[in-house]
Engineer: 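Below you will find the structure I want to go over with you.
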Amino acid sequence: QVQLVESGGGLVQAGGSLRLSCAASGRTFSTYAMGWFRQCPGKEREFVAAISRGAGSTLYADSVKGRFTISRDNAKNTVALQMNSLKPEDTAVYYCAADQSFATDWRGYRYWGQGAQVTVSS
């Protein structure tokens, strides 16, 4: 089992940057693929980015490709999402998630953090 805690959310103007971090408990962090998802009120949770166990592979939603970067540090049990050139439509609660399968469907992830609010003003 793994517990996840996000940090780094906040309010930023359009065009700005934020970095989200997710700290994981447990000794088996490197055996999990990690994902970032986001959700707006009344909308389904959507995929943002994912990274494989050894960080050799990454996936991005088309809407964030070229602006967001996912990374992980298995020695520190952390995964990060660097978000640049933010747009008002990026406003959402962002969640990190872990599972042993590398996937883009949120239903494939077993473990979830509590979420971090990101608000981008125009």
Side-chain angles (χ1 to χ4, degrees):
Q1 191 170 359
V2 61
Q3 293 182 325
L4 304 171
V5 178
E6 298 100 337
S7 61
L11 172 65
V12 65
Q13 287 189 330
S17 298
L18 278 177
R19 183 178 179 86
L20 297 178
S21 294
C22 177
S25 65
R27 303 179 192 175
T28 59
F29 177 73
S30 63
T31 68
Y32 291 95
M34 299 297 297
W36 285 96
F37 294 80
R38 64 189 182 187
Q39 189 167 21
C40 298
K43 294 189 176 181
E44 187 171 341
R45 192 164 296 189
E46 67 171 352
F47 169 74
V48 176
I51 190 165
S52 61
R53 302 174 190 181
S57 297
T58 55
L59 293 170
Y60 295 93
D62 287 344
S63 59
V64 308
K65 204 171 291 183
R67 300 188 298 122
F68 290 12
T69 302
I70 188 171
S71 60
R72 69 188 295 165
D73 185 336
N74 285 344
K76 296 183 179 179
N77 282 13
T78 58
V79 61
L81 185 69
Q82 178 65 42
M83 304 183 292
N84 299 330
S85 302
L86 282 160
K87 305 174 181 179
E89 51 264 43
D90 293 319
T91 295
V93 177
Y94 283 71
Y95 298 89
C96 70
D99 199 84
Q100 292 182 328
S101 59
F102 180 46
T104 61
D105 188 337
W106 65 266
R107 288 162 290 200
Y109 284 78
R110 180 179 302 182
Y111 304 108
W112 292 86
Q114 82 287 354
Q117 177 69 48
V118 170
T119 303
V120 184
S121 63
S122 56

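Computed from a prediction, not measured in an experiment: that's the story for all the values here. Side-chain atoms are counted along with the backbone in the values below, which use heavy atoms only and exclude waters and symmetry mates.
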Engineer: List the atom of Asp105, the atom of Phe37, and the distance in Å for their closest heavy-atom pair.
Structural biologist: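 In terms of heavy atoms, the two residues are closest at C-CE2, 4.1 Å.
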
Engineer: Looking at side-chain heavy atoms only, is the closest gap between Glu44 and Trp106 below 4.5 Å?
Structural biologist: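 Yes. Closest side-chain heavy atoms under 4.5 Å.
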
Engineer: Rounded to the nearest 0.5 Å, what's the gap from OG on Ser122 to CD on Glu89? Could you check?
Structural biologist: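 Reported value, rounded in 0.5 Å steps: 10.0 Å.
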
Engineer: Taking all non-hydrogen atoms of both residues into account, name the closest pair between Gln82 and Ser17 and its distance.
Structural biologist: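 That closest heavy-atom pairing would be NE2-CB, 4.0 Å.
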
Engineer: Closest approach of Val2 and Ala24, non-hydrogen atoms and distance?
Structural biologist: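 Answer, listing the atom of Val2 first, then Ala24: CG2-CB, 3.8 Å.
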
Engineer: To the nearest 0.5 Å, what is the distance between CG on Leu20 and CZ on Phe68?
Structural biologist: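 The CZ atom of Phe68 is 8.5 Å from CG of Leu20, to the nearest 0.5 Å.
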
Engineer: Test your reading of the model: is there a side-chain donor-acceptor pair from Gln114 to the backbone of Glu6, 3.5 Å cut-off?
Structural biologist: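 Yes; at least one donor-acceptor contact below 3.5 Å.
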
Engineer: Is there a donor-acceptor contact under 3.5 Å from the side chain of Arg72 to the main chain of Ser52?
Structural biologist: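 Yes, Arg72 side chain to Ser52 backbone: donor-acceptor pair under 3.5 Å.
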
Engineer: Would you say Met83 ends up clustered with Leu59 if hydrophobic residues are merged whenever their side chains have heavy atoms under 4.5 Å apart, either directly or through other cluster members?
Structural biologist: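 Different clusters.
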
Engineer: Evaluate the side chain to side chain contact (heavy atoms under 4.5 Å, CB included) criterion for residues Arg38 and Asp90: first the C-alpha distance (whole Å), next the side-chain angles of each, then the deciding distance (0.1 Å), finally the verdict.
Structural biologist: CA-CA 9 Å; Arg38 64 189 182 187; Asp90 293 319; 2.9 Å; yes

Engineer: Answer with yes or no whether the hydrophobic clustering places Val93 together with Met34; edges join I, L, V, M, F, W, Y residues whose side-chain heavy atoms lie under 4.5 Å apart.
Structural biologist: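 No: no chain of side-chain contacts under 4.5 Å links Val93 to Met34.
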
Engineer: Supply the atom-to-atom distance Tyr94 OH to Leu81 CG, rounded to the nearest 0.5 angstrom.
Structural biologist: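 Going from OH on Tyr94 over to CG on Leu81, the span is 7.5 Å.
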
Engineer: Could you check whether atom CD of Gln3 has more than 12 heavy atoms from other residues, nucleotides or ligands sitting under 6.0 Å from it?
Structural biologist: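 Atom CD in Gln3 is not packed in, count stays at 12 or less.
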
Engineer: State whether the side chain of Tyr109 and the backbone N or O of Cys96 hold a donor-acceptor pair below 3.5 Å, judged by distance alone.
Structural biologist: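 No: the side chain of Tyr109 does not pair with the backbone of Cys96.
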
Engineer: Would Trp36 end up clustered with Trp112 when hydrophobic side chains under 4.5 Å apart are linked, directly or stepwise?
Structural biologist: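 Per the 4.5 Å side-chain linkage, Trp36 and Trp112 are not co-clustered.
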
Engineer: Side chains of Leu4 and Tyr95, heavy atoms from C-beta outward: is any pair under 4.5 Å?
Structural biologist: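 Sidechains of Tyr95 and Leu4: no contact.
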
Engineer: To check you understand the geometry: which heavy-atom pair defines the closest contact between Ser30 and Asn74, and what is its length?
Structural biologist: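 Scanning both residues completely, I find the closest heavy atoms to be CB-ND2, 3.7 Å.
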
Engineer: Distance-only, no hydrogens or angles: does the Arg53 side chain make a donor-acceptor pair with backbone N or O of Thr31 under 3.5 Å?
Structural biologist: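 Confirmed, Arg53 side chain pairs with Thr31 backbone.
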
Engineer: Ion pair present between Lys65 and Asp62, side-chain N to carboxylate O less than 4.0 angstrom?
Structural biologist: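 A salt bridge is present here (some side-chain N lies under 4.0 Å from a carboxylate O).
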
Engineer: Drop me the distance from Asp99's CG to Arg110's CZ, to the nearest 0.5 angstrom.
Structural biologist: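 Separation between the atoms: 6.0 Å.
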
Engineer: Under 3.5 Å, is there a donor-acceptor pair between the side chain of Thr91 and the main chain of Val120?
Structural biologist: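 Side chain of Thr91 to backbone of Val120: a pair is present.
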
Engineer: Indicate if Val12 and Val64 have the same hydrophobic cluster label, given that clusters are the connected sets of ILVMFWY residues with side-chain heavy-atom separations under 4.5 angstrom.
Structural biologist: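 Shared cluster, yes.
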
Engineer: Under a 4.5 Å cut-off applied to non-hydrogen side-chain atoms, are Ile70 and Val79 in contact?
Structural biologist: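 Yes, close enough: below the 4.5 Å cut-off.
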
Engineer: After noting the C-alpha distance and the side-chain angles of Thr78 and Phe29, does the key distance pass the side chain to side chain contact (heavy atoms under 4.5 Å, CB included) rule?
Structural biologist: CA-CA 8 Å; Thr78 58; Phe29 177 73; 5.7 Å; no

Engineer: Looking only at heavy atoms, what is the nearest atom pair of Thr69 and Tyr60, with distance?
Structural biologist: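 For Thr69 and Tyr60, the tightest heavy-atom pair comes out as CA-OH, 3.4 Å.
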
Engineer: Looking only at atom types and distance, does a side-chain atom of Arg67 sit under 3.5 Å from a main-chain N or O of Ser85, one as donor and one as acceptor?
Structural biologist: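 Confirmed, Arg67 side chain pairs with Ser85 backbone.
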
Engineer: Between Cys40 and Ala92, which heavy-atom pair has the shortest distance, and what is it?
Structural biologist: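 Result for this residue pair: SG-CB, 3.8 Å.
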
